[in-house]
Amino acid sequence: MGGGGADELLGAAARDLQTLEGIDAAPEGGASLAGAIELKARGMLHPDDRIVIFNTGAGWLYRA
């Protein structure tokens, strides 16, 4: 991650949490998931690893 498109990645990850897991994630929760996805892509997370994703806000607060 890094640079352009970061906001889109966070929003997409927050939407994934909502549609795939039923979690009304805020952008902060999307950032946590996007970071985990990036770590997996870099080979730093493995299938046997357990991680915790924190969603510290409410997604409904960000909708118009």
Side-chain angles (χ1 to χ4, degrees):
M1 277 178 20
D7 286 343
E8 291 82 13
L9 288 173
L10 304 183
R15 284 188 299 279
D16 284 348
L17 282 171
Q18 185 173 28
T19 58
L20 300 174
E21 301 295 334
I23 298 169
D24 189 18
E28 303 92 290
S32 296
L33 178 58
I37 291 168
E38 180 66 20
L39 289 173
K40 182 179 181 226
R42 293 182 185 192
M44 300 174 78
L45 290 179
H46 307 284
D48 292 341
D49 291 343
R50 289 187 177 199
I51 62 167
V52 175
I53 301 291
F54 286 96
N55 179 47
T56 59
W60 65 269
L61 292 173
Y62 294 88
R63 289 192 284 278

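Note that the structure is a prediction, hence the values are computed from the model and not measured. Residue numbers run from 1 in the order of the sequence given.
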Which atom names give the shortest non-hydrogen contact between Ile51 and Ala36, and what distance separates them?
CD1-CB, 3.7 Å
When clusters are formed from ILVMFWY side-chain contacts under 4.5 Å, directly or step by step, what else is grouped with Leu20?
none
On a heavy-atom basis, which atom in Ala26 and which in Ala58 lie closest, and how many Å separate them?
CB-N, 3.7 Å
May I have all residue pairs that pass side-chain hydrogen bond (donor to acceptor under 3.5 Å, both in side chains) and include part of residues 21-37, sequence neighbours excluded?
Asp24-Arg63, Glu28-Tyr62
Which residue pairs pass the salt bridge (charged side-chain N to carboxylate O under 4.0 Å, His left out) test when at least one of the two sits in residues 43-54, sequence neighbours left out?
none
Nearest heavy-atom neighbours spanning Glu8 and Arg15
O-NH2, 4.4 Å
Rounded to the nearest 0.5 Å, what separation is found between the CD1 atom of Ile37 and the CG atom of Asp16?
6.5 Å
With sequence neighbours excluded, tell me which residues meet side chain to side chain donor-acceptor pair (under 3.5 Å) with Asn55.
none
Under the 4.5 Å side-chain heavy-atom rule for ILVMFWY, direct or indirect, which residues accompany Val52?
Phe54
Gln18: side chain to side chain donor-acceptor pair (under 3.5 Å) partners, not counting sequence neighbours
none
If you compare all heavy atoms of Ala34 against all heavy atoms of Ala13, which two are closest, and at what distance to 0.1 Å?
N-CB, 3.9 Å
One should read off an interatomic distance between Leu33 CG and Glu38 CD, to the nearest 0.5 angstrom, of 12.0 Å
